[in-house]
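What follows is a set of notes on a single structure, which appears directly below.
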Amino acid sequence: MAAEPVREADAVVHWRPLCMYCLKLWFLVRFTTRLRCTWLNIWRDEDAAAYVRSVADGNETVPTVRVGSTALVDPSQAAGIRSQA
């Protein structure tokens, strides 16, 4: 059987430790979708933090999800991600 080709992430999730909204989103994405996400910790990745500030009016609002060129700042449900993918 041939291996499935590796594909790029469907979404990039910008998160931070201790964020309950980020944890909730992780569970929703992990257990209710087939999305492949890259998770960037804004406390460890300055470029990720700068991106979040650029799309969230200077705030570090997480989770912030990037799907293609669309940014979803603090999406209320994983359904928002699915509709963009």
Can you see which heavy atom on [X] is nearest to which on [Y], and at what distance?
X	Y	value
V13	L25	CG1-CD2, 4.0 Å
R16	V62	CG-CG2, 3.6 Å
D47	D45	N-OD1, 3.0 Å
T61	T64	O-OG1, 2.5 Å
P63	C19	CD-SG, 4.4 Å

Could you tell me which residues satisfy side chain to side chain contact (heavy atoms under 4.5 Å, CB included) with [X], sequence neighbours excluded, listed by chain and number?
X	value
T38	A9, V12, L40
R53	E46, A49, A50, E60
W15	P17, C22, W39, N41

Side-chain donor or acceptor of T33 paired with backbone N/O of R30 under 3.5 Å: no
I'd like to know if the side chain of N59 and the backbone of A56 have a donor-acceptor N/O pair within less than 3.5 Å. yes
Are L18 and F27 grouped together when hydrophobic residues (ILVMFWY) are joined by side-chain heavy atoms under 4.5 angstrom apart? no
Here the ring pair (Phe, Tyr, Trp, His ring centres under 6.0 Å) pairs for residues 52-75, sequence neighbours left out, are none
Give me each pair satisfying salt bridge (Lys or Arg N to Asp or Glu O under 4.0 Å) with a member in residues 61-71, each pair once, sequence neighbours excluded. none
Y21: what forms a ring-ring contact (aromatic ring centres under 6.0 Å, His included) with it, not counting sequence neighbours? none
